[in-house]
Amino acid sequence: QLACRDEYFSFFEECSKNPKACSILLRGPSKDFLNEVERNLQDAMGVARNIMLDPRIVPGGGAVEMSLSQALSEKSKSIEGVMQYPYRAAAIALEVIPRTLLNNCGANTVRVLTQLRAKHAGGSNTTWGADGNAGTIADMNELGIWEPYAVKVQTIKTAIESACMLLRIDDIVSGITRRQAPKKQEQQPDEQQETFGDARDG
């Protein structure tokens, strides 16, 4: 047993070559710091799990989204009529990822995004994306920035399915209106009522 502040912990070391379970002890100056470290550790373990299940990876930094955007833009040029608009809309939507990365790092979004779009023109330089540290475009292969293929595919599928679900709705989804009280109808004099002392008595 080892003491950590006012608490005692039991450590089992050198159990076996292939232990069935392991524990990770996190220490920090404050509770907020520990919560942040725990979230980052969970994200890292989730990425490791995805890589173990599906070892395929794709370049990060918005390189995949920009490549798909250029491919859909070129595809829309070969389609006539209104059927080309879904391709254009999807191409514009995919550019949100590199644009957001450039906005977060304080870069000139319009200029750098135009450079990245020109870099991907013609289907070449598919590994080029946005460098969040320098605010410029760079080759993700040289920087070593990669993302799990399974996560990327699931993200795109979820986005497209959500858009299709919203497009199917052609009526009001929900609304809250105040119900107005019905106006009281003016009472009409009843002809069968007593008319004693009325002008109708003559």
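Note that the numbering runs from 1 along the sequence shown for the chain.
- The side-chain heavy atoms of Ser73 and Tyr87, taken from C-beta on, include no pair separated by under 4.5 Å.
- Counting only distance, with no hydrogens or angles, the side chain of His120 and the backbone of Gln70 share no donor-acceptor pair below 3.5 Å.
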Kindly list each side-chain donor-acceptor pair under 3.5 angstrom involving residues 88-99, sequence neighbours excluded, with atom names and distances?
residue: Arg88; atom: NH2; partner: Gln84; partner atom: OE1; Å: 2.9
residue: Glu95; atom: OE1; partner: Arg117; partner atom: NH2; Å: 3.0
residue: Glu95; atom: OE2; partner: Ser69; partner atom: OG; Å: 3.4
residue: Glu95; atom: OE2; partner: Arg117; partner atom: NE; Å: 3.1

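- Side chain of Asp54 to main chain of Asn50: no donor-acceptor pair is present (N/O by atom type, distance under 3.5 Å, no hydrogens or angles).
- Under the 4.5 Å side-chain heavy-atom criterion for Ile, Leu, Val, Met, Phe, Trp and Tyr, Met45 and Ile57 are members of distinct hydrophobic clusters.
- Between Gly61 and Leu101, the shortest heavy-atom contact is C-CD1, 3.6 Å.
- Atom CG of residue Leu72 and atom NZ of residue Lys77 lie 12.5 Å apart, to the nearest 0.5 angstrom.
- Counting heavy atoms from C-beta on, the side chains of Ile156 and Leu68 come closer than 4.5 Å.
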Mind running side chain to side chain contact (heavy atoms under 4.5 Å, CB included) on Leu116 and Thr114 for me, showing each step along the way? CA-CA 5 Å; Leu116 184 60; Thr114 302; over 6 Å; no

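- Pairing each heavy atom of Pro29 with each of Phe33, the nearest pair is CD-CD2, 3.4 Å.
- Interatomic distance, Glu38 CD to Leu41 CG, rounded to the nearest 0.5 Å: 8.0 Å.
- When all heavy atoms are compared, the tightest approach of Ala138 to Asp131 is CB-CB, 4.1 Å.
- Contact check for Ile51 versus Leu53: no side-chain heavy atoms found under the 4.5 Å cut-off.
- Hydrophobic clustering of Ile, Leu, Val, Met, Phe, Trp and Tyr side chains at less than 4.5 Å, counting indirect connections, keeps Leu102 apart from Met140.
- Considering only heavy atoms from C-beta on, Glu147 stays 4.5 Å or farther from Val64 through its side chain.
- The shortest heavy-atom contact between Val47 and Pro148 is CG1-CG, 4.1 Å.
- To the nearest 0.5 Å, atoms CG (Leu34) and CZ (Arg39) are separated by 11.0 Å.
- Looking only at atom types and distance, the side chain of Thr127 has no donor-acceptor partner in the side chain of Asn141 under 3.5 Å away.
- Contact detail for Val112 and Ala107: the closest heavy-atom pair is CG2-CB, 4.4 Å.
- Note on Trp128: it does not cluster hydrophobically with Ile145, by side-chain heavy-atom contacts below 4.5 Å among ILVMFWY residues.
- The hydrophobic clustering, which links ILVMFWY residues whose side-chain heavy atoms are closer than 4.5 Å, places Val153 and Met66 apart.
- Gln154 has its side chain within reach of Thr158: a pair of non-hydrogen atoms, C-beta onward, lies under 4.5 Å apart.
- If you take CG on Asn125 and CG on Asp139, they are separated by 8.0 Å, rounding to the nearest 0.5 Å.
- Val82 and Ile79 sit in two unconnected hydrophobic clusters of ILVMFWY residues. Membership requires side-chain heavy atoms under 4.5 Å apart, directly or through other members.
- Between Ser162 and Leu166, every side-chain heavy-atom pair lies at or beyond the 4.5 Å cut-off.
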